[in-house]
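First comes the structure, then the notes that go with it.
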Number of protein chains: 2
Amino acid sequence: MATSDKTKTRDAGKTKARILAAAKKEFAKHGLAGARVDEIAERAKANKRMIYHYFGSKEDLFQVVLEEAYLDIRTAEQKLDLDNMPAMDALEKLVRFTWAYYLKNPEFITLVNSENLHRARHLKKSKLIPEISAKFVGMMDELLDRGVREGTFRLGLDPTQVNITIAAIGYYYLTNRFTGSIVFDRDLTAPEALAARIEFNVETIKRLVAA
Amino acid sequence: MATSDKTKTRDAGKTKARILAAAKKEFAKHGLAGARVDEIAERAKANKRMIYHYFGSKEDLFQVVLEEAYLDIRTAEQKLDLDNMPAMDALEKLVRFTWAYYLKNPEFITLVNSENLHRARHLKKSKLIPEISAKFVGMMDELLDRGVREGTFRLGLDPTQVNITIAAIGYYYLTNRFTGSIVFDRDLTAPEALAARIEFNVETIKRLVAA
DNA sequence: GAAAGAAGTAACTAGTTAGTGCATTATTGG
DNA sequence: CCAATAATGCACTAACTAGTTACTTCTTTC
């Protein structure tokens with residue numbers, strides 16, 4: 001008989017995955033310091049002991065959550081297939097993708113914020129992150145070169161600055177949408193506001209790179 | 001005789017100020033959840049009892065620190081005197097000011113990050129912030145209008161989007177400089193890197209608004 | 001089908017943390 | 001100079017929190 005009838009059967013992989021998902025939520029919501037291990041256990045419907053069994057400590061769990069988050073966005077980026085269209089279109093696609101990813105995965109932003117509050121001390125220990133980052137950086141290198149060859153991009157642009165700027169104009173808007181809505185006295189999270197922002201961002205980047 | 005001879009004389013104002021300064025540091029370094037009230041008391045060379053006497057609770061203290069931080073940057077902005085120069089120069093001056101302010105007052109960024117993690121629930125209670133924000137928003141309104149009249153800015157720019165973008169390209173770079181230095185495999189905090197970034201940002205904004 | 005090991009649980013601990021009760025000391029206005 | 005008021009200090013507590021001990025239950029393999 002199959003073991004899937006009663007979900008009470010033991011499954012280390014699934015339990016681990018449930019803990020990771022719960023931890024991601026909790027860390028994203030409260031940051032590393034504000035997150036509660038008991039809360040993660042409850043949300044994951046796992047015993048707290050399991051967290052220490054699989055991940056060792058709260059900090060180690062945070063590191064795994066963070067690595068998975070980076071892995072996820074970098075993997076999605078690789079799937080964009082930016083080589084089969086004009087460089088300017090590819091760049092626009094990347095700007096829209098980045099925005100959409102942040103919108104759909106708000107935990108990514110809060111996790112990265114939390115990690116920077118801790119001066120990237122968990123990311124520094126990671127072997128995985130430099131590897132996948134190199135590919136991501138190379139992507140923009142090639143895209144800018146191609147744009148110059150196609151005559152649509154100006155010469156001498158620093159790929160890192162462009163990458164940072166694309167992230168910045170989306171990330172900042174979203175991470176600071178709560179204080180921003182008060183400062184600018186308008187609901188920055190309204191669908192129309194979000195739609196207006198991504199169009200503005202596309203325009204900003206196009207003007208930035210234009211020949 | 002003056003009371004200033006021995007600093008052991010009681011001075012409510014100074015004690016309050018010392019607590020505020022210490023709290024700003026502690027909250028900026030560890031966030032609201034990570035900050036320790038005992039640590040603030042020690043740093044302020046004040047008894048913990050004083051914190052509760054003057055500020056009521058950790059959360060109330062955080063709110064005051066945050067309000068002061070916003071008040072400080074908005075006050076500095078008002079002193080820029082942007083009306084006595086061409087609009088394009090004024091805009092560049094604002095971009096450089098914003099960058100320099102973030103660099104010199106890194107606590108501002110971390111405090112705002114922390115407040116957004118808490119969905120701006122402290123800022124929402126503030127009466128002061130909407131007032132000083134309105135002036136700030138009006139400044140950009142006028143600047144953009146003037147630039148259009150001078151023929152250097154394009155028509156139809158949303159002042160809020162421009163304000164957000166100016167903040168974003170500086171803020172994001174600085175708040176994420178730790179993870180960024182790993183992802184891009186270069187020291188984003190090096191003096192040359194900082195100098196390169198502000199020039200890039202000036203260029204980005206000029207191209208964004210150019211007629 | 002039994003031994004071995006892996007998955008899971010409950011109750012506990014040692015240390016930490018925000019917040020207080022109460023007594024004491026300085027300052028100020030009459 | 002003396003009340004009244006405000007500033008300060010000490011010692012405490014109640015609740016919380018990361019991490020653990022000691023155990024039971026299930027699964028797999030030979």
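Numbers restart at 1 for each chain; the letters A, B, ... are given by sequence-line order, proteins then strands.
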- Query: Across the strands shown, which category fits B:A35 at heavy-atom distances under 4.0 angstrom: base, sugar-phosphate, nothing?
  - Reply: sugar-phosphate
- Message: Let me spell it out: for each of B:N47 and A:A33, pick the nucleotide of DNA chain D with the closest heavy atom. Which residue's pick is nearer the 5' end?
- Response: B:N47
- Report yes or no: does B:S126 contribute a side-chain atom to a donor-acceptor pair with the main-chain N or O of B:H122 at less than 3.5 Å? no
- Is the shortest heavy-atom distance from the side chain of B:F27 to the side chain of B:E115 under 4.5 Å? no
- Proximal nucleotide (of D:dT20, C:dG8, D:dT8) relative to the B:Y54 side chain: D:dT8
- Task: Would you mind reading off the distance between B:E39 atom CD and C:dT16 atom P, rounded to a whole angstrom?
- Result: 13 Å
- Message: Looking at B:T15, I'd like to know whether one of its side-chain N or O atoms comes within less than 4.0 Å of OP1 or OP2 on D:dT8.
- Response: yes
- Query: Tell me: CZ of A:R18 to C1' of C:dG8, nearest whole Å?
  - Reply: 11 Å
- Query: Between atom CE in A:M50 and atom C1' in C:dT9, what is the gap in whole Å?
  - Reply: 8 Å
- Determine yes or no for a side-chain-to-main-chain donor-acceptor pair under 3.5 angstrom, with A:N116 supplying the side chain and B:T179 the backbone. yes
- Message: If I take atom CD1 in residue A:I40 and atom P in nucleotide D:dT17, what distance separates them, rounded to the nearest angstrom?
- Response: 12 Å
- Note on the structure: B:K48 atom NZ is separated from D:dA7 atom C1', nearest whole Å, by 18 Å
- Decide yes or no, distance alone: a donor-acceptor N/O pair under 3.5 angstrom between the base of D:dG19 and the side-chain of A:K58. no
- Message: Check this for me: does any side-chain nitrogen of one of B:E92 and B:R96 sit under 4.0 Å from a carboxylate oxygen of the other?
- Response: yes
- Item | Rounded distance (Å) that lies between atom P of D:dT21 and atom CZ of A:R49 | 8 Å
- Task: Report the distance from atom CG of A:D38 to atom P of C:dA11, rounded to the nearest whole Å.
- Result: 14 Å
- Task: Establish, from distance only, whether the side-chain atoms of B:T160 and A:R197 form a donor-acceptor pair under 3.5 Å.
- Result: no
- Message: Output the rounded distance in Å from CD (A:E26) to P (D:dT17).
- Response: 10 Å
- Taking only side-chain nitrogens and oxygens of B:R36, does any of them come within less than 4.0 Å of OP1 or OP2 of C:dT16? no
